[in-house]
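Letters A, B, ... are given to chains in the order of the sequence lines, protein chains preceding strands, and every chain is numbered from 1.
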Amino acid sequence: MVRVRFAPSPTGYLHVGAARTALFNWLFARHEKGIFILRIEDTDIARSSEEMSQVILEGLQWLGLDWDEGPIYQSTRISLYQEKAEWLLAQGLAYECFCQPEEIEIRRREIESRGGVWKYDRRCFYLSPEEKKKMKDKGRKRAIRFLVPPGRTQFKDLIHGLISVDHRQIEDFVLLRSDGLPTYHLSVVVDDLDSGITHVIRGDDHISNTPKQILLYEAFGARPPQFAHLPLILGPDRKKLSKRHGVTSLLHYRDQGILPLAMFNFLAQMSWSPGPEERIYSIEEMIKNFSLNRISKNSPIFDLNKLEWLNSRLIKEMKAEELLPWLKPEMIKRGLWHPSLEKERLDWFRRLLDLNKVRSRNLIDLIEALRPFLTDDYEIDPVGYEKYLKNDKLPQLLPRLKEDLAQLNNFEASSLEKVLRQRASAEGVEASLFIHALRVLTLGRTVSPGIFEVLELLGKETALRRMDLEAALKRLPQNQVGSE
RNA sequence: GCCCCUGUCGUCUAGUCCGGUCUAGGACAUCGCCCUUUCAAGGCGGCAACACGGGUUCAAAUCCCGUCGGGGGCGCCA
């Protein structure tokens with residue numbers, strides 16, 4: 001039975017790179033019908049917080065990654081790690097170290113200034129019992145270091161193949177800090193062993209940690225799990241994706257109107273391709289097609305544009321009914337929601353959505369495109385005003401068109417178009433003069449679905465009322481009015 | 001500096017394991033055209049890559065060696 005885990009440390013928000021690691025673990029578990037475990041690595045108490053843990057859970061839930069066991073909090077298991085460290089000490093596989101970090105730092109600098117390569121010098125390993133006692137009597141706190149044996153560690157990475165490291169490259173790393181708290185290497189091995197983890201799937205940045213951890217498994221007399229190291233997501237400058245490249249928080253993208261399925265596809269399609277077509281794949285398809293050995297070794301570059309394209313494509317494919325639950329909370333927040341939209345006005349709303357969704361890259365854009373249809377509280381784009389409403393003929397011709405439209409009994413797109421074009425040709429002007437002016441007047445924007453559909457959806461009363469150049473002036477953004 | 005990983009269009013990738021079907025396919029982006037009342041969408045088309053150098057072979061993007069480039073790690077962080 002496959003057992004995998006996602007083990008974030010709650011020292012910040014959920015990073016998109018971490019989310020991708022979680023996602024691949026989850027896909028693998030679901031594909032193999034195994035168990036996905038969530039573990040919170042909060043042994044660095046100073047930097048961890050319960051609040052951050054919650055944010056991580058929220059992010060996973062948003063993406064649709066559910067866990068079968070946990071969350072296991074490492075902070076509740078400290079005594080177990082201490083026991084294990086003591087056991088290694090008793091077995092002679094680890095030793096006490098009384099060096100202070102500052103002392104080590106001085107020695108390190110000295111060696112490096114002479115062009116050498118620093119590695120912990122194993123000084124405390126050679127301490128006699130008397131010397132150790134003296135240290136303790138002086139009140140020196142001890143850490144426990146692992147005694148790295150000579151040799152070479154090899155392992156077969158499921159993505160990279162054979163990886164081999166000489167132990168001379170590995171220093172006697174600390175297992176238990178002088179304050180009694182475990183380090184990452186200890187707690188991760190103890191917990192993975194305890195949880196029966198069969199596959200460790202994590203970022204490439206852990207490759208160099210793996211031999212240390214394998215050594216620990218061996219010290220405990222256990223067989224190490226299989227390892228799969230995922231290529232790291234890079235920024236546009238090809239450096240590990242971080243804050244300086246822009247926003248890396250997963251939930252930020254939710255707030256920007258990205259749908260979780262689009263994000264899921266985007267993350268999954270970095271270093272992996274679910275199938276031959278470029279499209280949104282369903283979760284089920286991805287679970288079915290998932291395979292670790294089809295993951296690429298290359299580090300992908302985070303491409304926001306691709307994410308938005310996937311999102312726009314998903315929005316376009318979704319039915320109005322499917323979109324509605326995602327739109328509603330944000331619309332409520334913006335005061336654009338009304339219960340009738342999912343009841344008596346549902347058909348109308350559906351048409352409105354169908355016309356607008358095709359030109360939206362995210363939910364927020366879509367909602368803002370809906371605004372002038374839902375409220376009179378909208379502004380007129382000053383650029384559109386300058387470009388389309390300042391025509392000299394408009395003050396004279398617009399009332400005539402308005403009069404024509406007022407005569408219409410069926411305020412429908414086809415009739416509206418006919419009437420407008422007739423008036424334009426009667427006045428000897430291009431129909432586009434009216435079209436552009438009406439778009440800016442009725443919606444405040446220069447971009448929209450076809451104007452005749454827009455007018456129909458707006459309804460006769462609203463559409464005619466907005467055909468007013470004087471009133472339009474008042475809709476310009478405040479700071480623009482004064483500068484005229 | 002040392003160690004490890006990695007190298008196909010600007011980007012994500014297919015192909016690499018099991019050499020020939022690859023004059024290297026798709027998609028995003030970009031450019032042009034069509035459609036058109038705007039913007040999208042859609043349709044059509046263009047630009048654009050096997051890092052380089054040696055081998056092996058009848059044949060190499062695919063196998064081997066080297067060079068160069070990129071990344072990551074070298075904490076009493078995780």
Return the nearest nucleotide to the side chain of [X]; candidates are [options].
X	options	answer
A:His160	B:A78, B:C5, B:U37	B:C5
A:Thr43	B:A29, B:G1, B:A78	B:A78
A:Ser432	B:C76, B:C28, B:U37	B:U37
A:Val117	B:C2, B:C39, B:A29	B:C2
A:Pro300	B:C12, B:U6, B:C28	B:C12
A:Glu278	B:C76, B:C12, B:A27	B:A27

Is any side-chain nitrogen or oxygen of [X] closer than 4.0 Å to OP1 or OP2 of [N]?
X	N	answer
A:Arg177	B:C77	yes
A:Arg108	B:G75	yes
A:Asn298	B:G7	yes
A:Ser312	B:A40	no
A:Ser9	B:C77	no
A:Arg47	B:A78	no
A:Arg238	B:U11	yes
A:Ser299	B:U6	no
A:Lys239	B:G72	no
A:Lys316	B:A40	no

Regarding [X], tell me which of base, sugar-phosphate or nothing describes its non-hydrogen contacts under 4.0 Å with the strands shown.
X	result
A:Ala431	nothing
A:Leu304	nothing
A:Glu112	nothing
A:Thr446	base
A:Thr11	nothing
A:Ile451	base
A:Lys141	nothing
A:Pro231	nothing
A:Ser273	sugar-phosphate
A:Arg39	nothing
A:Phe452	base
A:Lys119	nothing
A:Ser360	nothing

Would you please say whether a donor-acceptor pair under 3.5 Å links the side chains of A:Asn311 and A:Tyr253? no
Gap in Å between the two [atom1] atoms, one belonging to [N] and one to [M], rounded:
N	M	atom1	value
B:C58	B:U13	C1'	32 Å
B:C12	B:A51	P	14 Å
B:C31	B:C77	C1'	48 Å
B:G19	B:U57	C1'	9 Å
B:G71	B:A14	C1'	23 Å
B:G32	B:G72	C1'	42 Å
B:U11	B:A29	P	16 Å
B:A24	B:A48	P	11 Å

Can you find a donor-acceptor pair, distance only, under 3.5 Å between A:Arg445 side chain and B:U38 base? no
Do [X] and [Y] sit within salt-bridge range, that is, some charged N less than 4.0 Å from a carboxylate O?
X	Y	value
A:Arg351	A:Glu456	yes
A:Glu285	A:Lys288	no
A:Arg107	A:Glu110	no
A:Arg108	A:Glu171	no
A:Arg77	A:Asp194	yes
A:Arg168	A:Asp166	yes
A:Glu96	A:Lys136	yes

Can you confirm whether more than 12 heavy atoms, excluding those of A:Arg109, are under 6.0 Å from its CZ atom? no
Under 4.0 Å, heavy atom to any atom of RNA chain B: which of residues 202-213 of chain A qualify? A:Asp205, A:His206, A:Ile207, A:Ser208, A:Asn209
Partner lookup for [N], please. Criteria are Watson-Crick or G-U wobble with both distances under 3.5 angstrom; report none if nothing qualifies.
N	result
B:C33	B:G43
B:C9	none
B:U38	none
B:C58	B:G20
B:C2	B:G73
B:A48	none

Note, A:Arg294 side chain near A:Ser273 side chain (heavy atom, < 4.5 Å): yes
Comparing A:Lys306 and A:Thr183 on RNA chain B - which has the more 5′ nearest nucleotide: A:Lys306
When the nearest nucleotide of RNA chain B is assigned to A:Asn305 and to A:Pro449 on a heavy-atom basis, which residue is associated with the more 5' position? A:Asn305
Could you check whether any side-chain N or O of A:His15 sits under 3.5 Å from a backbone N or O of A:Leu241, counting only pairs where one atom can act as donor and the other as acceptor? yes
Whether A:Arg475 side chain and A:Tyr378 backbone form a donor-acceptor pair below 3.5 Å: yes
